[in-house]
Every structure is written in C-alpha cells, then in structure tokens.
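Below, chain A is the first sequence line, B the second, and so on; all start at residue 1.
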2 protein chains.
Amino acid sequence: MRRTKAEAAETRCAVLTAAEQLFFEKGVANSTLDEIAAAAGVTRGAVYWHFASKSDLFLQLYNAAQLPRVDMSDAAGSGCEDTDPISAVETIALDWFGMLASDVQRQRLLTILLRTNFEHEFEPVLQEMDALSAEHTKNMERIFAKAEDKGQLSPLWTPAACSRAVHWQMKGICWEWLLFGRKFDLVILGGDSVRKLFATFRR
Amino acid sequence: MRRTKAEAAETRCAVLTAAEQLFFEKGVANSTLDEIAAAAGVTRGAVYWHFASKSDLFLQLYNAAQLPRVDMSDAAGSGCEDTDPISAVETIALDWFGMLASDVQRQRLLTILLRTNFEHEFEPVLQEMDALSAEHTKNMERIFAKAEDKGQLSPLWTPAACSRAVHWQMKGICWEWLLFGRKFDLVILGGDSVRKLFATFRR
DNA sequence: GGTTATATACGTGCCCGACTGTATGTAAAC
DNA sequence: GTTTACATACAGTCGGGCACGTATATAACC
C-alpha cells in the first residue's frame, strides 16, 4: 500500500513526534525503534525508510525544531531598545517564558537535550547550543551597555554582570521547571523573579 | 580466592566508583555491567554479589554519597546569622560553590542525577531531591525574613523572592557548569554573580 | 593450636529476551 | 515498468540475570 508523497511526509512527521514523546518520557537510550514506530502507527520498516538509524533520528529531531535565535533586534520592533534598553531585554526575557510555557514541543525537546550525553556523534549539537548561548549573552551585554551609556544602569552592575545574571537566572528557572515536572507557574513565578532582578538593574 | 572483609569492601567501593565514572561519561543506560566490572578490575559476578541489579547499583550510588543537607544553622557557627543574616546566607552560598568545585565525586553524581529520567523505580529519588530543595529555600526564606525584621532588606525584595532568586541563580550557574563541560570558573564567575545579587538585597 | 565446617566473595558459563540492522516482499503511485 | 513507501521476516549481537563452581576467610570445636 504505497502512500502519496503527502502521506509519506505525514508518516515522517508522525515518527518524529512519537520519537520526541518517547525520548522525553523514557530517555533516548531507553526508547526502542519498535515503540516509536508503534506509537506512530507504523512499523520499524517505515522508520528505517525515513531515517538511517536511531542516532540519525535524534539528529533530525534536533534539526527539525530549530532553537529560536531570539533575534535581539526583534526588540527594536517593540520600539524601545534605544530609549529604554533594560525594559527591552526584560520584555524579551518575559516573552521567552511565555513562548516556552505555551510550546509543549519545545519543552520536550529542551528536556531531551538537557538529559543528553553529548559524546561522540552528538558533540556538534553541543557546540551549536554553546554558540547559541554565547550569542544570546553577547547580545544582551550589548544592549545593557547601551543602558550604561545612557546612565540608566545601577552602579552596582556592569553590562557583563547583568547579562550573566539574567542568563543564569533564566536557565535556573527554565531548567528546574523542565527537569522537575513543571511544578510551578513559569510565567507567574518565573516572570516575577526576573522582573525583580531587572528592577535592581535600574538606577 | 575469597577475599577478606576489608578487601570485599574495597571491591564494592571500586565498583561504585567505576559505575559513577561510567554513568557520568556515557549515561546510565549506555553503560554495561561488564564495562563497570572491568573498570573496577573484577567481573560481573562480583557486581552481582554486592548489588542486586543495575537499578540497585544506581540507587546505592545515590545513597552512598548523600547530598549535603546544608544545615543553615551551620551558618550560626560563623556567628553572624543574627546580626547580619544576609551575609550569613551569602557565605553559605559561596561556600557551596567552593565545595562543589573541589568535590569531583559530587560533580559527577549531580550530573548523573540531572540527566536521569526519574520514571518508575527512580521516582522516590526525585521526591527526595524535591524535598531537599524545598527545605533549602524554606530555610533561606526564614533567614531573609530575619533580615527584613531588622530593616536590612531592600524594599524591592521580599524574603520569598530573595530565596527564589538565589535558589534559581545558583541552580542556573551550577547546572550550566555541570551539564556543559565546566567551561568557566565556578567560584570566580559564579561567586561574582551571586555576590552582586546579594548586594541588591541589602538596603 | 590444629582441624573441620560453613559462610563468603567472587569467577565463569549459560540462557534468554530484546534490540538493531538488513534483506526481501509488495502494492500502489507515477 | 519503474520507483516509492512501506511491511515483514530474518540474522546477529548484546546485555542482564542467574546458577553453579571454587577457593579462601572465619569461626567453632576439640
């Protein structure tokens, strides 16, 4: 029963979704291709048609849902990066919480990635994540530097310190939320904590 | 060739150490009992003598190196919890960094735990970790409340908010350090960030 | 203090299920 | 008719659990 191209694409997508679900629930190593295929409503033959191996499936899963590059110039769209840089970053940070809270797929992917041992074939993924992280902090630092130039930054802080503080605060919040069962309200409690932190940045 | 009790204890310890090392490097699921036994200089027979199963080995590993309960009253030993509560908590936090940075075993164990899927038989471990975490934040909040009573707390913050901020900040720092190859100096950079955060707590 | 009995601390080998990869079949799409 | 998109069957390996063997430590007894 050969399927049309559209149906094949559906199948491929179903396999990816099933893999994401199972990788998230049981971990990558504890999930079998049989389970994944069954969850997708196909057999292992279909999986092997679309993906070369389990590792390939993992990598395709990572590449399919590309992590957002959180372009800081988006904040320029909100129109205040030049007049109130600190608030601009704050908005981006809070928006990120909202986005993550409403995107179950991203929650699962990030959780999987956090639990991954990046050894051997998966190392490039780790490099990418590192690069992305470095880019984010660099962009943030740049905007905080603007705030400093305008005299809006508290003398207690430096742009680099602000950037690191926000970065770590958000990672702490998001990771605990993801790794330990999302037991609190990310937007409310997490947002509150971030807002309080940003308040200390302002002169 | 039966060994003495002391030798047996050594063997057991060697297996635990080898397991910790391999679980850390390759993940629990990707480490075989054969590898672990070989790394410990014994065979699987020895492993099965000391441990009922692989899961049991994991649990014994967790129980062997009990997470520190970071008794906040220890800070009373430093003598300033009552006069300068904020500094007392700050000291505990910074000490924690130093302790983690110098304890490779704890680094590995925490990394393993972070990457663990706590499903089925491992759920109680998750509960324990949660309880410990809750206890820490509660103790911190209590001390910050003392600071508030003394009028030492900035009006920007509440005891609960301080506690959460410190908690998440430290988790963000430690977890990034552990999960992504310890690429920065935990005590220097992490400590600096935490100190700056504490500075904003003070009136 | 020597002998003996028993528990101990493993090593070794086997079984069994599970999982991966591949080869082949097949029916429909093109 | 050929290629596609799977399903099915098969081979092979790997790893965990367990039974069993075995040599020695340890204790009990004489």
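- Listed by chain and number, the residues in a ring pair (Phe, Tyr, Trp, His ring centres under 6.0 Å) with F23(A) amount to none (sequence neighbours excluded).
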Ignoring hydrogens and angles, write down the donor-acceptor pairs under 3.5 Å from the side chains of residues 118-131 of chain B, residues two or more places apart or on other chains.
from, atom 1, to, atom 2, distance (Å)
E121(B), OE1, S55(B), OG, 3.4
E128(B), OE1, Y62(B), OH, 3.1
D130(B), OD2, K183(A), NZ, 2.4

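- F201(B) has its side chain out of reach of L156(B): every pair of non-hydrogen atoms, C-beta onward, lies at least 4.5 Å apart.
- Spacing between atom CG of D56(A) and atom P of dT20(C) amounts to 14 Å, rounded to whole angstrom units.
- Between the side chain of S31(B) and the backbone N or O of G27(B) there is at least one donor-acceptor pair closer than 3.5 Å.
- Between R12(A) atom CZ and dT4(D) atom P there is a gap of 16 Å when expressed in whole angstrom units.
- Of the candidate nucleotides dT8(C), dC6(D), dG11(C), dG11(C) has the atom nearest to the side chain of T43(B).
- Of the charged side-chain nitrogens involved, none lies within less than 4.0 Å of a carboxylate oxygen, so that K171(B) and E176(B) do not count as a salt-bridged pair.
- Among the nucleotides dC10(C), dA7(D), dG11(C), the one closest to any side-chain atom of H50(B) is dC10(C).
- M170(A) pairs in a side-chain contact (heavy atoms from CB on, under 4.5 Å) with only one of the listed residues (V194(A), L197(A), L94(A)), which is V194(A).
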At under 4.0 Å between heavy atoms, which parts of nucleotides 9-21 of chain D does protein reach? Answer with one letter per nucleotide, 5' to 3': B base, S sugar-phosphate only, - none.
------SBBB---

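- The interatomic distance linking W49(A) (CH2) with dA27(C) (P) rounds to 17 Å, in whole Å.
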